[in-house]
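To start, the structure under review is shown below, and the notes come after it.
A note on names: the letters A, B, ... follow the listed sequences, proteins ahead of strands, and every chain is numbered from 1. The shown structure was predicted, so the numbers you read here are calculated from the model rather than taken from an experiment.
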Amino acid sequence: MSLKKNLNEEQEKAVTHTSGPALVLAGAGSGKTRVITYRIVYLLEQKDVKPYNILAVTFTNKAADEMKERLYSLVRRSTKGIWMGTFHSICARLLREFASCTTYSRNFIIYDTQDQHNLIKNIIRDSDIGEKTLDFYYVHRTISNLKNRLIDEYEFKPYNYKTELIKNIYQEYQTRLKENDAMDFDDLLFNFYTLLDSNTEIRKNLNDRFKYKLVDEYQDTNPSQYQILKKLSERYKDVFVVGDDDQSIYGFRGADINNILDFEDDFPNSKVYKLERNYRSTKRILEVASTVVKNNRLRKGKTLWTKEEEGEKITLFSAFSEKEEAAKLIKLLKKELGKYNKKDILIAYRTNAQSRAIEDALLKEEIPYVIVGGVKFYQRKEIKDILSYVKFIVNKKDTVSFFRILNTPRRGIGKITREKTEMKAKEENISLWEASCKLAGQEQPIADFVNLIKSLEEIKRIDELIVAIVEKTGYVDILKETDTIESESRIENIQELLSAAYEFTENSEKYSPEEYLTEVGLKTDIDSWSRTDSVNLMTLHNTKGLEFDVVFIVGIGEGLLPHYRSIKEGNTEEERRLFYVGITRARKKLFLSYFLTHGAGWGSTRSILPSSFLKELPPGAIENLEDYTPGGNEKKQYILRDNKNDSKWVNHPIFGRGEILDVVDGDKLLISFNGTTKKIKRRFFDERS
DNA sequence: CCCACTTTTCTTTTT
DNA sequence: GAAAAGTGGG
């Protein structure tokens, strides 16, 4: 296979990097993933590297799957044995492999965010600290941040009363996780790091195994991932990382942009390659993206260029409300549907809740769409219920799943019986499951439960197991009896779970419940997303690594993008990068929009200013549709009457609430805003009903 | 113990 | 303004 034919000069240089650490600074659309893929091909074919000596870390499981497929089509020989996946999934696999050297079992379970929250809530409730004094959300975030920085529950130095309490909760949290043989997401990294750090033999073993290490999206790695990488490269320094500092958007998850900014200091004698040619977007789109991101201080700086055509201008429009924004979007979208396929169109927003208005509008127009994210599939109640059975069967120490399934669906085990079981377990110092088995003689419902679990235990294939759970518990039958729209969609979800399980067993040699759980526990929505004949909706975070012909970014208002919480935390630069990521997803055409009022609960509205990022756009590349309204009239919409009557009050996006004092020169209004008066053209008003 | 009704809680982005 | 959690009568 010829590398030269498929790569440009910059890419080829990076791909054929000889040895030692390398940093590839790759701009958006410059063939980042391509470089990693071809680098692996190069190692296999020209350097005779064995597949099992390669470790490739991707940002999502989906990216790993795609890379595997691409590799398979590029090299004739088998690529089996290459370690490929996210940091989390690779650590999980290795922790199972070396379980005997840890304090966990091979079958430890992985707690999702919900489980983690519940656990912390319970700890706070059980302690004598008032629930009101400590916010579980804040506690969780603090613990997570500590773990990301590899600070354990004993090392942590409290610096005031509150952190003193958090330290106690942190300790109890870890104790309970261990009791349940469970790890949270951060533990996967932390515990694996600890294993590497404390066990010389394993460290040596893995250093020899993973001779060549490749990491995609390096700008979004956190300190613990960085330390793992360091530990794995003590013997062989072949660390090949690819990333773009301008696309670092996971700071909230502990990702540290300094990992990429300081790479050259962290890994001495490294080589840096820059990829600056963009193959994706038009000149216009690239110009807008570069102009925006230039306002960031914290960046390495690179200049993207393209041989693509100039392209259409970027369209900017505004609306009074979220609903109106959606309506306008649909109108523009319909025009694009004549030129592009639905699957190549993206609608992106900052927060999941924003999908609602767009969805309603698409539904009304009967335009097919898919949503990525939101209420995640594996977080849904019915899915978690059924998977809790699987979890408990795999791991009897998992008390969280135990309590979840004990009386789900209803089998007559209430508070009294549950407490009886808990008492028994405590008295005899046995597990809840053992206590249940002992009580089965006295309590019929418990006996039913124990028998159910015992019969399910016999089943070794995950697809058959799930079918059996659904049948033997009568879960679907009960839903059928309820017969509401909600129960119907729950049944559909269960069916989807079933077909996903079938697929899992079909496409691999893996079929055990244990293997299935590892995969599912780390599965995200984007992992199961595929391009269908539908318009795509997702958060800006989820668009990372994807590209579309037409991109709409909606809701670009101050407080939304940048989000007010980020502004408060002084993280505007990361928000700007998020905006940049969104812009650079577009190949041909980009639409930007914002709305000026927003529901703020109990029926009131709050006005929103256009995002400060919009002021950074280069005017020459923008076509402003301020005058565009659904009715086709030419009225501007910066100011709006705030109720149905002929009110004298208006809301202005910049000046706020004002009172109309007079009409001057026929077409101008004299308005008083909090002391100052301004003359504004009547055309600004929207005469809606 | 269960069902139906009332009250409280939502927390930006996600592995 | 929806979903989870709490409450009280059957």
Side-chain angles (χ1 to χ4, degrees), chain A residues 57-64 85-92 110-114 116-118 121 125 131-132 135-141 144 147-148 183-190 217 220-222 224-225 248-255 348-356 372-376 378-381 406-407 409-419 443-445 478 482 486 518-527 538-544 555 559-569 571 574-575 577-579 581-582 599-604:
Chain A
V57 186
T58 56
F59 193 70
T60 62
N61 295 299
K62 184 186 160 65
T86 62
F87 266 109
H88 288 89
S89 66
I90 287 168
C91 289
I110 300 166
Y111 273 3
D112 66 21
T113 317
Q114 229 178 71
Q116 295 166 35
H117 282 170
N118 286 339
K121 272 187 205 164
R125 206 166 294 160
E131 263 173 75
K132 291 270 153 16
D135 171 21
F136 78 91
Y137 199 83
Y138 173 72
V139 174
H140 178 240
R141 260 190 67 162
S144 176
K147 285 185 179 178
N148 283 154
M183 294 192 199
D184 65 16
F185 294 130
D186 306 316
D187 284 338
L188 293 173
L189 305 174
F190 198 161
E217 309 282 9
D220 283 319
T221 50
N222 67 26
S224 60
Q225 291 164 340
S248 168
I249 53 174
Y250 279 90
F252 70 92
R253 211 169 76 186
Y349 34 79
R350 176 69 237 265
T351 65
N352 283 305
Q354 288 174 259
S355 69
R356 207 44 181 270
V372 177
V375 185
K376 316 233 176 352
Y378 289 99
Q379 311 258 54
R380 297 206 157 98
K381 186 183 175 302
L406 188 61
N407 196 34
R410 311 248 133 88
R411 57 173 70 85
I413 303 175
K415 207 174 157 203
I416 308 281
T417 322
R418 198 184 65 224
E419 277 171 359
E443 308 269 347
Q444 191 50 46
I478 292 162
T482 340
E486 203 199 340
T518 299
E519 191 136 320
V520 145
L522 297 171
K523 203 154 188 132
T524 66
D525 250 46
I526 194 82
D527 290 333
M538 63 187 87
T539 61
L540 286 164
H541 281 92
N542 266 323
T543 66
K544 188 185 170 94
L560 233 42
L561 182 67
H563 197 275
Y564 72 97
R565 286 192 87 124
S566 297
I567 302 173
K568 226 164 79 182
E569 287 164 23
N571 254 339
E574 182 160 308
E575 297 284 305
R577 290 194 290 268
L578 194 52
F579 187 36
V581 168
W602 49 277
S604 81

When the nearest nucleotide of DNA chain B is assigned to A:Arg141 and to A:Gly412 on a heavy-atom basis, which residue is associated with the more 5' position? A:Gly412

Identify the heavy atoms of A:Ile567 and A:Gly559 that sit nearest to each other, and give their distance. CD1-N, 4.3 Å

Over how many whole Å does the gap from A:His117 atom NE2 to B:dT12 atom C1' extend? 13 Å

Does the side-chain ring of A:Tyr137 sit on the six-membered ring of the B:dT11 base, less than 5.5 Å centre to centre and under 30° in tilt? yes

Nucleotide of B:dT13, B:dT11, B:dT14 approaching A:Arg350 most closely (side-chain heavy atoms): B:dT13

Less than 4.5 Å apart, side chain to side chain, heavy atoms only: is that true for A:Leu578 and A:His541? yes

Is the distance from OP1 or OP2 of B:dT14 to the nearest side-chain N or O of A:Thr539 less than 4.0 Å? yes

Distance-only donor-acceptor check, side chains A:Glu575 and A:Ser566, under 3.5 Å: yes

Between atom NZ in A:Lys62 and atom P in B:dT14, what is the gap in whole Å? 16 Å

Pairing check on B:dC3: which nucleotide meets the Watson-Crick or G-U wobble criteria with it, both distances under 3.5 Å? C:dG8

Does the ring of A:His563 lie flat against the base of B:dT12, closer than 5.5 Å centre to centre with planes under 30°? yes

Closest to side chain of A:His88, choosing from B:dT13, B:dT15, B:dC3: B:dT15

Sugar-phosphate only, base, or nothing, as touched by A:Asn407 at under 4.0 Å among non-hydrogen atoms: sugar-phosphate

Base, sugar-phosphate or nothing for A:Ile413? Non-hydrogen atoms, less than 4.0 Å. sugar-phosphate

Checking N1-N3 plus N6-O4 or O6-N4 for Watson-Crick, or N1-O2 and O6-N3 for wobble, each under 3.5 Å, the partner of B:dT11 is none

What contact category does A:Tyr250 fall into here, base, sugar-phosphate, or nothing, at under 4.0 angstrom with non-hydrogen atoms? sugar-phosphate

Within the structure shown, what part of the strands sits under 4.0 Å from A:Ser89 by heavy-atom distance: base, sugar-phosphate, or nothing? nothing

Quick one: label A:Ile416 by what it contacts on the DNA or RNA (base, sugar-phosphate, nothing), any heavy atom closer than 4.0 Å. sugar-phosphate

Give a yes or no on whether a donor-acceptor pair under 3.5 Å exists between the nucleobase atoms of B:dT12, that is its base, and the side chain of A:Arg565. no

Ring of A:Tyr138, cation from A:Arg141 - is the NZ or CZ under 6.0 Å from the centre and inside 45° of the axis? no

N/O (side chain, A:Asn352) to phosphate O (OP1/OP2, B:dT12) under 4.0 Å: no

What are the two closest heavy atoms between A:Leu188 and A:Ala92, and how far apart are they? CD2-CB, 4.0 Å

Between the side chains of A:Lys147 and A:Asp184, is the shortest nitrogen-to-carboxylate-oxygen separation below 4.0 Å, so that they form an ion pair? yes

Rounded to whole Å, how long is the line connecting atom CZ of A:Arg577 with atom P of B:dT13? 18 Å

Between B:dT14, B:dT15, C:dA2, which one does the side chain of A:Thr113 approach most closely? B:dT15

Quickly work out the A:Leu540 CG to B:dT14 P distance and round it to whole Å. 10 Å

Does B:dC1 have OP1 or OP2 sitting under 4.0 Å from an N or O in the side chain of A:Thr417? yes

Nearest to the side chain of A:Phe252, heavy atoms from C-beta on, is which of B:dC3, B:dT12, B:dT14? B:dT14

Closest-nucleotide 5' rank along DNA chain B - winner of A:Arg411 and A:Asn61: A:Arg411

